[in-house]
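Since the structure comes first, as structure tokens, the remarks are kept for the end.
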Amino acid sequence: MNKVPVCIRDEYVISIEQYENYLWFHVTFHKWSAETKKKFSVDVDKVLDLLNGNVLALIKEDNKKLIKFAKSFNWQEKGQIMLKDGTNGYLYSPTSKGVK
């Protein structure tokens, strides 16, 4: 399937994608600042409300920065999968709203 943008801002785009009966969460950032994080927090909570928080994000094991970012938004690791390149991927899902 294709990613569908559900929130488009100058600073970022939040998209979802349906693949193998799951909704996958994607974000592309164009600009980062403390103000961007505040806006993003509000927008991601709205998107998650609309989707009943029923989404997953895939993070490669070597992307420590993205893992830290996901945890800062109260997302938790739900499992691991082997990726096509032989590395591990972590599945993250939201647990509650807001930034820690």
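Values below: every heavy atom of this structure, side chains too, minus hydrogens, waters and symmetry copies. Model, not experiment: these values are computed from the prediction. We count residues from 1, following the sequence as given.
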Next item on the list: Using the six-membered ring wherever Trp is involved, compare the ring planes of Trp75 and Phe25 and label them parallel, tilted or perpendicular (cut-offs 30° and 60°).
Entry: tilted
Next item on the list: Consider only side-chain heavy atoms of I, L, V, M, F, W and Y, link residues closer than 4.5 Å, and tell whether Phe69 and Val42 are in one cluster.
Entry: no
Notebook entry, point to check: Linking I/L/V/M/F/W/Y whenever any side-chain heavy atoms sit under 4.5 Å apart, do Val47 and Phe29 land together?
Noted result: yes
Next item on the list: Look up atom NE2 in His26 and atom CG in Leu58, then write down how far apart they are to the nearest 0.5 Å.
Entry: 9.0 Å
Item checked: Minimal non-hydrogen separation, Pro5 against Ser15, with atom names -> CA-OG, 3.6 Å
Checklist line | Co-membership, hydrophobic cluster, residues Val44 and Ile8, 4.5 Å side-chain | finding: no
Margin query: Working note: Met82 + Asn88, criterion side chain to side chain contact (heavy atoms under 4.5 Å, CB included); need CA distance, chi angles, decisive distance, verdict.
Written below: CA-CA 5 Å; Met82 179 69 68; Asn88 284 327; 4.0 Å; yes
Check: Heavy atoms, side chains only, cut-off 4.5 Å: are Asn54 and Leu23 in contact?
Finding: no
Next item on the list: Check the surroundings of atom OH in Tyr22: do more than 12 heavy atoms from other residues, nucleotides or ligands lie under 6.0 Å from it?
Entry: no
Margin query: Is there a side-chain contact between Trp24 and Lys3 in this structure, where contact means two heavy atoms from C-beta onward sitting under 4.5 Å apart?
Written below: no
Next item on the list: Find the distance between CD1 (Ile59) and CD (Gln80) and round it off to the nearest 0.5 Å.
Entry: 12.0 Å
Check: Among the clusters formed by ILVMFWY side chains lying less than 4.5 Å apart, do Val27 and Leu51 turn up in the same one?
Finding: yes
Check: Tell me, do Phe73 and Pro94 make a side-chain contact under 4.5 Å, heavy atoms counted?
Finding: no
Item checked: Check: Asp10 and Lys31 side chains under 4.5 Å, non-hydrogen atoms -> no
Notebook entry, point to check: Is the shortest heavy-atom distance from the side chain of Trp32 to the side chain of Glu11 under 4.5 Å?
Noted result: no
Note to self: I'd like to check the salt bridge (charged side-chain N to carboxylate O under 4.0 Å, His left out) partners of Lys38; sequence neighbours left out, ordered by chain and number.
What the structure shows: none
Checklist line | Leu83 side chain reached by Ile81 side chain, heavy atoms, under 4.5 Å | finding: yes
Next item on the list: Please round to the nearest 0.5 Å and tell me the distance separating atom SG of Cys7 and atom OH of Tyr12.
Entry: 5.0 Å
Next item on the list: Under the side chain to side chain contact (heavy atoms under 4.5 Å, CB included) rule, what do Asn63 and Lys65 come out as? Steps first, then yes or no, please.
Entry: CA-CA 5 Å; Asn63 196 337; Lys65 189 175 181 179; 4.0 Å; yes
Margin query: Quick check for you: to the nearest 0.5 Å, what is the distance between His30 atom NE2 and Thr36 atom OG1?
Written below: 11.0 Å
Checklist line | Euclidean distance, Asn74 CG relative to Ser93 OG, rounded to 0.5 Å | finding: 12.0 Å
Next item on the list: Say whether Leu48 and Val13 are linked into one hydrophobic cluster, either directly or through other cluster members, by side-chain heavy-atom distances under 4.5 angstrom.
Entry: no
